[in-house]
Amino acid sequence: MIQAHLAAALLAFALGALVLIRRKGTPTHRWLGRVWVLLMLFIAAGSFAIRELNAPYPSPIHLLSAWTIVSLTAGIYCIRKGRIRAHAGFMVGTFAGLAVAGGFALLPGRYIWRTLFG
């Protein structure tokens with residue numbers, strides 16, 4: 001699960017950056033955005049299957065996963081209601097959360113860091 005989580009997160013980061021720098025409101029933006037949301041939902045929901053070794057319960061980082069699901073849902077709701085600025089805020093915030101979580105996951109000594117470099 002960790003390998004799938006990592007692969008999806010790397011793809012979501014690249015795709016999210018592309019969505020953010022491209023022109024908004026186009027059919028391509030909507031299509032890429034939908035793919036990005038699905039990737040993010042996979043990452044967030046799948047994270048609940050990843051636990052620290054010997055810990056039967058979720059860690060505090062799983063609060064970010066729960067918030068990601070809420071934020072994505074709110075962003076979709078906002079765009080469907082025509083609230084473009086709110087939609088943009090939720091989506092940019094979710095992308096920033098992905099970047100921050102990825103940064104922490106790649107700190108030396110963490111499992112993903114050891115998997116990639118160690």
Side-chain angles (χ1 to χ4, degrees):
M1 184 61 193
I2 291 174
Q3 289 83 1
H5 182 79
L6 175 60
L10 291 171
L11 182 57
F13 184 80
L15 186 60
L18 182 64
V19 169
L20 289 175
I21 64 173
R22 291 181 54 94
R23 187 166 169 237
K24 309 302 180 273
T26 65
T28 301
H29 172 83
R30 290 190 294 272
W31 187 84
L32 292 175
R34 287 180 180 123
V35 173
W36 182 77
V37 166
L38 290 174
L39 280 169
M40 290 299 295
L41 288 172
F42 173 80
I43 294 162
S47 74
F48 291 103
I50 300 171
R51 305 277 170 84
E52 292 290 328
L53 296 176
N54 301 320
Y57 48 84
S59 70
I61 194 70
H62 290 101
L63 293 173
L64 180 60
S65 297
W67 175 249
T68 297
I69 294 168
V70 170
S71 183
L72 290 168
T73 303
I76 293 167
Y77 175 81
C78 287
I79 199 62
R80 289 188 176 178
K81 294 296 182 181
R83 297 177 52 207
I84 295 169
R85 288 177 71 161
H87 164 77
F90 279 112
M91 295 309 182
V92 170
T94 303
F95 180 80
L98 171 66
V100 169
F104 280 115
L106 291 171
L107 287 175
R110 299 284 314 261
Y111 181 81
I112 291 179
W113 184 86
R114 289 192 315 267
T115 300
L116 292 174
F117 307 112

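Owing to the predicted nature of the structure, the values given are computational and were not obtained by experimental measurement.
Sequence neighbours left out, the pairs with a member in residues 65-101 that pass ring-ring contact (aromatic ring centres under 6.0 Å, His included) are F13-F95.
Remark: side-chain polar atoms of K24 are paired, donor with acceptor, to backbone N or O of V19 under 3.5 angstrom.
With hydrophobic clusters built from ILVMFWY side chains whose heavy atoms lie under 4.5 angstrom apart, L15 shares a cluster with I76. Using a 4.5 Å cut-off between side-chain heavy atoms of Ile, Leu, Val, Met, Phe, Trp and Tyr, with links allowed through other members, I2 and F117 fall into the same hydrophobic cluster. At a threshold of 4.5 Å between side-chain heavy atoms, the hydrophobic network of Ile, Leu, Val, Met, Phe, Trp and Tyr places V92 and I79 in two separate groups. M1 and L6 fall within the same hydrophobic cluster, where Ile, Leu, Val, Met, Phe, Trp and Tyr residues are linked whenever their side-chain heavy atoms come under 4.5 Å apart, directly or through other members.
Two residues are said to be in side-chain contact when any heavy atoms from C-beta on lie closer than 4.5 Å; R22 and L32 meet this criterion. Taking the side chain as every heavy atom from C-beta outward, M91 and V37 approach each other to under 4.5 Å.
No hydrogens or angles considered: nothing links the side chains of T94 and T68 as a donor-acceptor pair under 3.5 Å.
Here W36 contributes atom CH2 and L20 contributes atom CG; the two are 7.5 Å apart, rounded to the nearest 0.5 Å. Rounded to the nearest 0.5 Å, atoms CE (M40) and CG (L98) are 4.5 Å apart.
Summarising the geometry of L64 relative to A101, their closest heavy-atom pair is CD2-CB, 3.6 Å, with the distance given to 0.1 Å. Nearest heavy atom pair, residue I69 against residue A45, reads CD1-N, 4.3 Å.
In this structure S65 satisfies the side chain to side chain donor-acceptor pair (under 3.5 Å) test together with S47, sequence neighbours excluded.
At most 12 heavy atoms of other shown residues, nucleotides or ligands fall within 6.0 angstrom of atom CH2 in W31. When the shell of 6.0 Å around CG of L38 is examined, it contains more than 12 heavy atoms from other residues, nucleotides or ligands.
F104 belongs to a hydrophobic cluster with V100, L107, counting contacts under 4.5 Å between side-chain heavy atoms of Ile, Leu, Val, Met, Phe, Trp and Tyr, direct or through other members.
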